[in-house]
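We're numbering straight along the sequence, starting at 1. Keep in mind that this is a model prediction, so the values were computed, not measured.
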Amino acid sequence: MKVAVLEYLCGGGLCKAGADSYPLGSNELFEPLFREGLSMLCALACDLSLCGHEVHLCLDQKALVGDGARSLGQIPSHAHVHYVANGWKSRWREIALQCDRVIVIAPELHDELNCIVAELRSAGAQVVASDHSFIHATSDKLLTANCLVQAGVPHPTTQLLSDFRRAKQRRESSNQIGDAVPVTLKRRDGAGCADMMVFCDGGALMRWLEREPRTNWCDDQWIVQTWLSGRAASVAIIGGDRWQIVGTMEQRITLRSDERTHGAWAVEYCGGAGPIESLFQERSVAVPWVSRALCGWVNQVRSALPDGGYGWIGIDLVVCDTPEGSSECVLIEVNPRLTTSYLGYRQWYGHRLADCILGCIDLSELQHSIPGELKPIAFSAS
C-alpha cells in the first residue's frame with residue numbers, strides 16, 4: 001500500500017510561524033510542537049516501512065538543520081521524500097492523491113488539522129482521520145467542555161477568558177471558577193502545552209493580564225480552567241466502528257517560570273512512561289492491562305462526543321484523589337490525531353501498530369501476543 005505521512009511543522013506549516021500572530025511571543029512556542037511532530041513523523045514512517053508499505057513524506061528545508069537533521073536520520077532510506085517550500089498545501093494534495101491512504105499529523109491551532117483533512121478529502125484523498133464534526137468538537141476545547149458537562153463526564157470547570165474577565169471586573173465570584181484555586185490559561189484551540197500557563201488563583205491571573213503589554217488578545221480564543229493536582233495520564237484509542245484501547249500512559253508534566261510568563265508557570269510536556277497501574281481495580285480478562293471499568297469510562301467519553309472518531313485518538317486526563325479515599329478520572333482534553341504517546345506504545349506492540357492505525361489488522365491480534373506483564377518504558381520527543 002502507498003501511504004503518505006504528512007506532518008504539518010516539518011512538511012511546510014512552519015513557514016507560517018511568526019511572533020505577530022501569537023500573543024505570548026515568538027517561534028519558541030513551536031519548538032516543543034516541532035520536536036514532537038518530527039519524532040512522530042520519523043517513528044510512523046519507520047514502522048509503516050517495516051510493515052511493507054511504500055511511504056511518502058513531505059519535508060520543508062527548515063526541518064533539515066540542527067537537531068531536526070539528526071532526527072531525520074531515523075527515516076528509512078527508501079522512503080520517498082518530497083521537498084516543499086511555498087505552495088506546500090498544493091504539493092500535499094498532489095502526493096495524497098497518488099497514495100492509497102493518508103495520515104495527517106497537524107496541531108489543532110487555528111483549525112489547521114480540520115481544514116487540512118477537509119481539503120484533502122474534498123480532493124478525493126483517502127485520509128485516515130476522524131470526521132469533521134468530531135475533529136471540530138475536540139479541537140475547540142470549550143465545545144469539548146460543553147459536550148462533557150452535558151454527558152456528566154468529570155471535567156475541569158471551564159470559562160471563556162472574556163466571561164472570566166467580566167465576572168472579575170464586576171467583583172463577582174467569577175460565576176463558576178472560585179478565587180482560592182489554581183487556574184490555567186490556555187488556547188481554546190490549543191495543541192500540546194503550547195502557551196499554557198498556570199496561576200495560583202484567579203486574582204493572580206487578572207493581575208497578570210493587567211500587566212501584559214500586548215493588545216492583540218482575543219478573549220474569545222482563550223479559556224480559563226481550574227488546575228487540578230493529581231496524576232497526569234493519557235489513554236490512547238484507535239477509533240473506528242468501535243474504539244479499541246491501546247493502553248494508558250503516565251504523562252510527565254512540569255511547571256516552570258521564565259521571563260516570557262512574567263511570574264506565572266509555563267506548562268511543559270516532557271514525555272511519558274508506562275505501564276501505569278490500572279486506573280480502575282477490576283481487571284479485564286482479554287487484555288490484562290486494560291480494566292473493564294476503563295472500557296466503560298472510554299465508552300462514556302465516546303458517547304459524549306459526536307460520532308466519527310477514527311484513527312489515533314489521545315485522551316488526556318488527571319487521576320484525582322476523592323475525599324472518600326478513592327480515585328476519579330477527570331478528562332482534560334481529547335486529541336483527534338496521532339499523539340506523542342505513539343513513541344511509547346510502539347515499544348510494546350512493535351511496528352505493526354502502524355498497520356492497526358491503517359485498519360489492516362485488528363489491535364487484538366497484537367494484544368494477544370504481548371505478555372501480561374508489560375516491560376517498563378519511557379519516552380520523550382527530544
Ion pair check, R91 and E94, cut-off under 4.0 Å: yes

Residue pair V267, L255: steps toward the side chain to side chain contact (heavy atoms under 4.5 Å, CB included) verdict: CA-CA 5 Å; V267 184; L255 301 181; 3.8 Å; yes

Y8 ring center within less than 6.0 Å of W88 ring center: yes

Hphob cluster co-occupancy, L142 + L228, side-chain heavy atoms under 4.5 angstrom: no

N/O donor-acceptor pair under 3.5 Å between Y349 side chain and V246 backbone: yes

Working for side chain to side chain donor-acceptor pair (under 3.5 Å), residues S133 and D131: CA-CA 6 Å; S133 57; D131 290 350; 5.4 Å; no

Heavy-atom donor-acceptor pair, S122 side chain to A118 backbone, under 3.5 Å: yes

Cluster link I332 to F134, ILVMFWY, side chain under 4.5 Å: no

Main-chain N/O of G11 paired to W92 side chain as donor or acceptor, under 3.5 Å: yes

Derivation of the side chain to side chain contact (heavy atoms under 4.5 Å, CB included) call for M40 and E7: CA-CA 9 Å; M40 288 185 283; E7 200 285 323; 5.8 Å; no

Pairing of R337 and E108 as salt bridge, 4.0 angstrom limit: yes

W227 side chain vs V181 backbone, donor-acceptor pair below 3.5 Å: no

Atom CG of N299: over 12 foreign heavy atoms under 6.0 Å: yes

Worked verdict on L317 versus W297 for side chain to side chain contact (heavy atoms under 4.5 Å, CB included): CA-CA 12 Å; L317 58 113; W297 184 80; 3.8 Å; yes

Check: V183 main-chain N/O paired with T226 side-chain donor or acceptor under 3.5 Å: no

